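Data block below; observations after.
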Amino acid sequence: MDLTLIQNLSLSYISSFALRCAVDLDISGRIQAYGRPMPLNELARSIPIPPEKDSMLGRLMTLLVHQGVFGQSKDGYQLTPASELLLTDGSNLGAYVRLFTQSQSMKDWSQLSEVFKDTGNCTLFEKMHDGKKAWEILKETPESGNRFNEAMASQSNSIMRGLVARCSNIFDGLNSLVDVGGGTGTAIKIIVEAFPGLKCTLFDLPHVVQNALKSDSFDVIGGDMFEKIPPANAIFLKKVLHDWGDEDCVRILKKCKEAVLESSKNGGKVIVVDIVIDLENSDTKAVETSLLYDISMMSIHGSKERNKQEWHDIILGADYSGYKIYPAQLGVNSVIELYP
């Protein structure tokens with residue numbers, strides 16, 4: 001068992017690139033278009049690949065079926081809830097897969113041990129990119145920025161569909177909402193579609209919102225969340241705080257509190273969607289995923305995913321009167337309501 005564990009972990013990168021291969025070959029889209037269980041030979045011809053490589057494709061699919069990405073019956077391959085997320089006319093999480101399986105990423109991660117040997121607070125990303133922070137690269141390199149925005153939009157689409165379907169009560173009684181760090185507008189678009197009476201605003205850095213979705217149903221404002229956030233009854237922070245250290249998070253949350261109180265002296269709240277690490281969670285895959293995210297945040301931004309105590313500390317550090325955590329509502333992500 002111990003040997004198998006080490007072997008499995010050493011080879012686990014193959015799973016990432018097998019998934020990337022399925023995305024690049026649009027296997028989910030081809031199975032969907034076929035309309036029924038798809039035999040191997042039909043899948044191979046639809047790509048198309050040379051007939052002598054059919055068996056290679058079959059072995060790739062055996063791994064992905066075993067991992068639950070695809071299903072298989074006696075008649076052929078089928079979509080699962082996981083592979084449906086890869087469909088370009090759905091969540092399009094293929095963009096997310098591509099972002100995290102770039103060749104540069106493999107080169108970066110191979111140097112992780114060197115960061116521990118270095119003095120100072122340089123992250124792995126900064127070490128591998130001449131000292132530049134991830135946000136600088138995204139701003140300076142439009143191709144990288146667009147790839148990142150597309151990946152975040154695909155993840156946001158999946159998370160937000162679940163949020164408005166399963167946690168719609170968190171929007172009850174609100175009259176205005178600002179999505180802080182909302183990227184190009186995927187989340188805010190889903191919110192206004194679900195709650196058309198809610199006045200919504202997308203807020204992010206100016207160079208980000210210049211590529212925002214065009215819509216008459218929400219406002220778009222460029223700015224800096226460390227300086228001032230537009231006032232609203234509710235401030236929405238999805239997958240934002242995990243990018244920042246504790247001191248910066250306290251600063252952001254204080255600005256959010258100011259924005260809520262400026263809009264409404266009584267009532268109002270901040271809604272956070274982010275990971276809450278719970279090592280006692282019986283879902284071991286969810287625990288592992290949250291810990292992988294934590295190492296990713298540490299290595300890219302020098303930040304972290306947080307457990308309940310760490311969330312408690314930054315929320316009270318920003319002088320909120322209280323909060324409530326709704327655990328693991330959206331995959332590995334929880335919903336947290338903060339009350340000024």
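Numbering starts at 1 and runs along the sequence shown. For clarity, every value in this text was computed on a predicted model and none was experimentally measured.
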| Between Lys255 and Glu258, is there a salt bridge with N-O shorter than 4.0 Å? |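 Judged by the 4.0 Å cut-off on N to carboxylate O distance, Glu258 and Lys255 do form a salt bridge.
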| task | Decide, yes or no, whether a salt bridge links Arg251 with Glu247 under the criterion of side-chain N to carboxylate O below 4.0 Å. | result | no
Which heavy atom in [X] sits nearest to a heavy atom in [Y], and how many Å separate them?
X      : Y      : answer
Ile229 : Ala259 : O-CB, 3.5 Å
Ser105 : Leu99  : OG-O, 4.0 Å
Val250 : Ala318 : O-CB, 3.9 Å
Asp294 : Glu305 : OD1-N, 3.0 Å

With a 4.5 Å heavy-atom cut-off, do [X] and [Y] have their side chains touching?
X      : Y      : value
Met128 : Gln111 : yes
Leu86  : Asn92  : no
Glu114 : Lys127 : yes
Asn233 : Leu177 : no
Ser91  : Ser154 : no

| request: Would you check, one step at a time, whether the test salt bridge (Lys or Arg N to Asp or Glu O under 4.0 Å) holds for Arg147 with Glu143? | output: CA-CA 6 Å; Arg147 187 185 303 116; Glu143 181 182 354; 3.1 Å; yes
Output the distance between atom [atom1] ([X]) and atom [atom2] ([Y]), rounded to the nearest 0.5 Å.
X      : Y      : atom1 : atom2 : answer
Leu64  : Ile27  : CG    : CD1   : 6.5 Å
His207 : Asp204 : NE2   : CG    : 7.5 Å
Ile191 : Lys238 : CD1   : NZ    : 9.0 Å
Thr88  : Asp26  : OG1   : CG    : 6.0 Å
Leu163 : Leu330 : CG    : CG    : 5.5 Å
Ser144 : Ile137 : OG    : CD1   : 7.0 Å

Hey, are [Y] and [X] close enough side-chain-wise for a donor-acceptor pair under 3.5 Å?
X      : Y      : value
Tyr326 : Glu337 : yes
Thr80  : Ser83  : yes
Glu84  : Ser28  : no
Asn41  : Arg45  : no

| request: Would you confirm whether the ring centroid of Tyr77 sits within less than 6.0 angstrom of the ring centroid of Phe70? | output: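 Distance test on ring centres: not under 6.0 Å, no.
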| query | Does Phe125 have its ring centroid less than 6.0 Å away from the ring centroid of Trp109? | reply | no
| field | Whether over 12 other heavy atoms sit under 6.0 Å from Asn121 CG | value | no
| query | Taking everything shown except Lys189 itself, do over 12 heavy atoms lie less than 6.0 Å from its NZ? | reply | no
| Name of the residue among Asp246, Asp274, Asp313 meeting salt bridge (Lys or Arg N to Asp or Glu O under 4.0 Å) with Arg306 |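 That would be Asp246.
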| query | Quick check: does any side chain N or O of Ser110 sit under 3.5 Å from a backbone N or O of Lys107, one acting as donor and the other as acceptor? | reply |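 Indeed, once roles are kept as given, a pair shorter than 3.5 Å links the two residues.
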| query | Any donor and acceptor pair, going by atom type alone, linking the side chain of Tyr320 with main-chain N or O of Lys257 inside 3.5 Å? | reply | yes
| request: Verify side-chain contact (heavy atoms from CB on, under 4.5 Å) between Asp243 and Ile300, making sure each step is shown before the conclusion. | output: CA-CA 9 Å; Asp243 292 332; Ile300 297 173; over 6 Å; no
| When you measure from the centre of the six-membered ring of Tyr34, is the NZ or CZ of Arg36 under 6.0 Å away and within 45° of the axis? |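 That pair qualifies as a cation-pi contact.
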| If you draw the axis of the six-membered ring of Tyr293, does the NZ or CZ of Lys239 fall within 45° of it and under 6.0 Å from the ring centre? | yes
| request: Classify the ring geometry between Phe17 and Tyr13 as parallel (under 30°), tilted (30 to 60°) or perpendicular (over 60°). | output: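 Perpendicular: the ring planes of Phe17 and Tyr13 meet at over 60°.
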| message | Students often mix this up, so state it plainly: with edges at 30° and 60°, are the rings of Trp135 and Phe148 parallel, tilted or perpendicular? | response | perpendicular
| query | Which is it for Phe236 and Ile188 under the side-chain contact (heavy atoms from CB on, under 4.5 Å) test, yes or no, and what are the steps along the way? | reply | CA-CA 9 Å; Phe236 187 68; Ile188 205 75; over 6 Å; no
| task | Take Arg30 and Glu42, measure what salt bridge (Lys or Arg N to Asp or Glu O under 4.0 Å) needs, and give me the verdict at the end. | result | CA-CA 9 Å; Arg30 297 178 192 284; Glu42 294 288 348; over 6 Å; no
| task | For the pair Lys133 and Glu136, evaluate salt bridge (Lys or Arg N to Asp or Glu O under 4.0 Å) and give the outcome as yes or no after the intermediate values. | result | CA-CA 5 Å; Lys133 297 183 181 297; Glu136 294 178 85; over 6 Å; no
